[in-house]
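Reading through the C-alpha cells given below for one structure.
Hydrogens, waters and symmetry mates are skipped; everything else that's a heavy atom, side chains included, is used.
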Amino acid sequence: MTFHALTNLQRLAYIDFGIVLEADLDDLRLGSSGFSRSHFRICRILYPRGQQDGEIEIGYLVYLKLSLTGNEGEFIRRFKFDEPAFPHQSTADQFFSEQQFEAYRALGEHIGEKLFLPAITGRLGDTVGLEDWICRLGISLLDARSHAGQDQLARAP
C-alpha cells in the first residue's frame, strides 16, 4: 500500500514528458481499522499542449487497488481472517490454493461491481460507452478544478 508503481509513473511522466498525474490516494490508504475507504480513484492527467501558451489538455486514469473496505462478502472476510496478508500476498509464490485464487477472484469481482454503482455513475442504459462511463466517474469522484474544467468534463464524449 505504498503505491510505489504509481508514484514512479508520476515521476517518470513528469521528467520525460512534463505530464502531471494528479492522484489523491487518501481514500486508498489503510486507516487505523486496517481498511481503505475505497478500492479505486480517478486521477487527472495534465498534458502540456505547448511550451509557449501554457495550455494543458486533460486526460483521466482510473486507478484500481486491491484493498478491503469492510463491505466485502463473508468469504472474503473469512479468508482475510485466516490469511492476514490478504490481499497483498507476495506474487513470488505463483501456486495459489483454490481458496486463495477464489478470494482474489471474488475481490476483483466486488471491486468491478463497485465501479458501476448507480450512486457513482448515475443511471446508465443497457449499453455504456467507455467515454460516458469515464465522464460519469469523473463527475462523481473528482474535485472540481474550475468552471472550465467542469465544462470540459461535462462535454466529454
Quick one, [X] and [Y] - any side-chain contact, counting heavy atoms below 4.5 Å?
| X | Y | result |
| --- | --- | --- |
| L68 | S36 | no |
| L46 | I19 | no |
| Y63 | F3 | yes |
| I45 | V20 | no |
| Y104 | F96 | yes |
| R11 | T7 | no |
| L107 | F79 | no |
| H110 | N71 | yes |

Residue [X] excluded, over 12 heavy atoms near [atom1] under 6.0 Å:
| X | atom1 | result |
| --- | --- | --- |
| R78 | CZ | no |
| E74 | CD | yes |
| F101 | CZ | no |
| Y14 | OH | no |

### Task
Ignoring hydrogens and angles, tell me if any N or O in the side chain of S67 forms a donor-acceptor pair with the backbone of K65 under 3.5 Å.
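Yes, the answer is positive, given that a donor and an acceptor are paired below the 3.5 Å cut-off.
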### Query
Counting N and O atoms only, with roles assigned by atom type, does the side chain of Q99 sit under 3.5 Å from a partner on the main chain of S97, one being a donor and the other an acceptor?
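No, the answer is negative, given that no donor and acceptor are paired below the 3.5 Å cut-off.
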Minimum heavy-atom separation for [X] and [Y], please, with both atom names.
| X | Y | answer |
| --- | --- | --- |
| E22 | C43 | O-CB, 3.1 Å |
| T69 | H39 | OG1-NE2, 3.4 Å |
| F40 | L28 | N-CD2, 3.4 Å |

### Query
Do you see a donor-acceptor pair shorter than 3.5 Å between the side chains of E83 and Q100?
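Not at all, the side chains of E83 and Q100 share no donor-acceptor pair under 3.5 Å.
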### Query
With a 4.0 Å cut-off, would you call R49 and E57 a salt bridge?
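Judged by the 4.0 Å cut-off on N to carboxylate O distance, R49 and E57 do form a salt bridge.
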